[in-house]
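For the numbers below, each heavy atom of this structure counts, side chains included, while hydrogens, waters and symmetry mates do not.
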Amino acid sequence: MDAPTTASADNGTSGGGSGGWFTPRKQPAEDAPQSAPPAEPAPEAAAPQPSAAQSLSAEPSSPEALPADLRVPTQRSTALAAQPQEPAVQSGAQSASPDALLIRRTMAEVAPIADKVTSYFYALLFVRHPDLRSLFPAAMDTQRDRLLKALLTAAEHIDNTEVLVAYLRNLGRGHRKYGTRAEHYPAVGECLIGALSRYASGSWDAETEAAWVRAYTTISQVMIDAAAADELRAPAWWYAEIVAHDLRTPDVAVVTVRPDQPYPFLAGQYTSLETPWWPRIWRHYSFASAPRSDGLMSFHVKAVPAGWVSNALVHRARPGDVIRLGPPTGSMTVDHTTDSGLLCLGGGTGIAPIKALVEDVAEHGERRTVEVFYGARTDHDLYDIDTMLRLQQSHPWLSVRAVIDQQAHLQLPDAIREYGPWNEFDAYLSGPPGMIRSGVDALRNIGIPSERIRHDSVEELVAIGD
Ligand SMILES: NC(=O)C1=CN([C@@H]2O[C@H](COP(=O)(O)OP(=O)(O)OC[C@H]3O[C@@H](n4cnc5c(N)ncnc54)[C@H](O)[C@@H]3O)[C@@H](O)[C@H]2O)C=CC1
């Protein structure tokens with residue numbers, strides 16, 4: 001996710017109130033590409049929405065989802081769902097706004113029946129707007145619980161304008177690859193309110209509805225504006241040809257691709273990826289290398305049980321196949337304005353972005369200490385250890401330690417306690433959700449402040465599989 005930016009009332013958020021329900025203030029270009037859905041099923045491997053450790057306890061965001069699919073990092077300060085008569089975003093720390101309170105009341109009522117609300121929402125959407133069905137994947141299973149979960153989190157963080165706006169801009173940009181257009185937003189908003197009003201009937205009233213309309217109008221306007229601005233500078237998606245496919249273990253492949261046009265990204269970021277075999281199903285993968293002069297990019301993919309995309313990438317994809325990539329996103333990137341050491345924990349395929357970060361430091365010619373702990377269940381699972389050791393040989397500032405659960409009888413986060421001190425280090429964590437959680441705890445316990453701990457969203461990591 002892009003760094004949060006402060007938004008003013010005019011910052012693309014002032015579409016509410018007039019012109020009917022959720023009527024966007026301005027339309028992006030009419031010829032937006034036709035393709036995939038304004039929603040995305042769960043990710044498989046890489047991890048969206050890098051966030052500082054303080055957002056662990058909450059539900060950080062998914063960069064790809066429905067317009068109302070809001071998962072935002074935790075800090076709270078301001079009001080997105082603005083005061084009545086004042087639909088724009090507010091700034092400054094303050095207690096919950098009246099709209100936020102109304103929205104949370106709705107969410108509290110629907111939380112126990114989230115499944116019903118979600119089903120009803122999609123039923124409404126597809127019955128009233130059958131043309132939108134083709135924007136979603138054929139199988140909606142993984143989509144089903146995303147929206148409500150996201151809304152619950154948005155309700156929780158509705159007053160956190162800064163983070164929410166940054167998140168929504170990212171979401172708006174990310175939606176371009178689905179073929180989402182400005183005119184789709186009112187349809188989603190009306191069906192969302194239709195579903196909420198039906199299932200939150202105990203607390204629903206005109207005031208509550210007005211609060212939701214304001215909030216959704218604001219949300220959709222930020223996304224629409226961001227998509228329109230992005231259209232001026234970047235394609236909605238990139239085609240990328242697979243140029244190498246290296247099966248490192250029976251279920252882990254390193255897949256190297258060549259995008260059809262320049263693809264700017266930063267080491268530590270991730271993208272969304274769609275295979276030709278599962279149209280409109282996008283999954284997130286971290287880039288496994290820093291940007292290269294030849295433009296090639298690679299991903300480490302582990303086939304997970306019932307993972308459609310991951311299994312296709314590992315077992316079916318071959319050089320010559322063409323995939324699609326969404327825009328790069330994520331902020332688990334190296335801060336080159338400091339010379340602090342980097343403490344990096346990579347668990348399993350989580351080593352992918354860590355390798356990219358190491359390459360990034362090397363390219364910047366910095367001689368910062370970089371300490372990598374690479375965790376795996378068995379030594380066979382250390383599929384990229386040779387690459388990491390080669391990097392260690394070339395760079396005296398880099399040290400790589402393998403932590404094998406079976407041999408060490410401890411997991412990655414425990415291992416770092418035996419080294420250090422780490423209090424002068426910036427920490428980067430990449431791997432399974434359990435590792436991120438316990439890693440953050442371990443790092444905090446050894447004195448690394450939260451704001452110096454970076455990782456992708458645990459929320460997204462939890463939602464693994466197809
Ligand atoms: N940017 C990111 O954060 C990325 C995350 N991933 C995620 O990494 C995971 C990789 O899966 P696998 O290779 O199967 O890894 P895995 O499940 O085999 O775990 C790898 C290592 O992480 C540590 N670990 C795992 N669970 C832990 C826990 N609960 N507490 C403490 N340490 C734990 C252990 O040292 C283990 O050997 C996937 O969930 C994938 O989504 C992958 C790429 C990038």
Side-chain angles (χ1 to χ4, degrees), residues 15-16 19-42 62-71 110 114-151 154 168 170-199 212-213 215-228 230-231 236-237 272 274 278-283 308 324 326-327 466:
W21 274 34
F22 318 126
T23 305
R25 193 184 54 224
K26 67 183 178 213
Q27 311 268 326
E30 285 300 310
D31 58 350
Q34 295 292 334
S35 75
E40 173 174 307
S62 155
E64 329 286 351
L66 276 166
D69 185 351
L70 301 172
R71 268 171 263 194
V110 299
D115 208 36
K116 282 187 186 159
V117 185
T118 311
S119 303
Y120 187 70
F121 163 75
Y122 283 113
L124 269 188
L125 188 66
F126 297 151
V127 166
R128 288 188 188 168
H129 306 277
D131 50 314
L132 292 186
R133 181 63 184 91
S134 64
L135 298 179
F136 289 80
M140 289 288 293
D141 306 15
T142 48
Q143 178 58 40
R144 275 176 50 79
D145 69 339
R146 288 170 68 86
L147 173 58
L148 244 291
K149 241 195 219 161
L151 279 172
L168 290 171
N170 199 42
L171 199 59
R173 283 193 290 270
H175 269 65
R176 293 184 55 218
K177 66 179 180 290
Y178 304 135
T180 307
R181 296 193 303 268
E183 60 267 30
H184 296 154
Y185 286 81
V188 169
E190 286 163 20
C191 295
L192 176 71
I193 291 201
L196 290 174
S197 59
R198 179 185 169 116
Y199 285 98
W212 275 98
V213 170
Y216 185 77
T217 303
T218 300
I219 286 165
S220 51
Q221 192 67 57
V222 176
M223 292 179 65
I224 289 164
D225 288 350
D230 193 55
E231 216 167 87
W237 69 75
S272 44
E274 181 208 46
W278 297 106
R280 302 188 295 280
I281 295 183
W282 295 78
R283 292 289 183 265
W308 301 347
R324 286 200 299 164
D466 272 341

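Atom CZ in Arg133 sits 12.5 Å away from atom CG in Asp131 (nearest 0.5 Å). Atom CD1 of Ile224 sits about 11.5 Å away from atom CG of Leu168, to the nearest 0.5 Å.
The shortest non-hydrogen separation linking Ala187 to Leu132 is CB-CD1, 3.9 Å. Nearest heavy-atom pair across Phe136 and Arg280 is O-NE, 2.8 Å. Listed here is the closest heavy atom pair of Ala236 and Pro327: O-CD, 4.3 Å. The two residues Phe121 and Val188 make their nearest non-hydrogen contact at CE1-O, 3.5 Å. Closest of all the heavy-atom pairs between Cys191 and His129 is SG-CD2, 4.2 Å. Residues Leu192 and Tyr216 approach most closely at CD2-CD1, 4.2 Å, considering heavy atoms.
By the side-chain contact (heavy atoms from CB on, under 4.5 Å) test, Arg198 pairs with Tyr120, sequence neighbours left out.
Not a single donor-acceptor pair under 3.5 Å links the side chain of Glu274 to the backbone N or O of Trp282.
Put simply, the side chain of Gln221 does not reach to within 4.5 Å of the side chain of Thr218, judged on heavy atoms.
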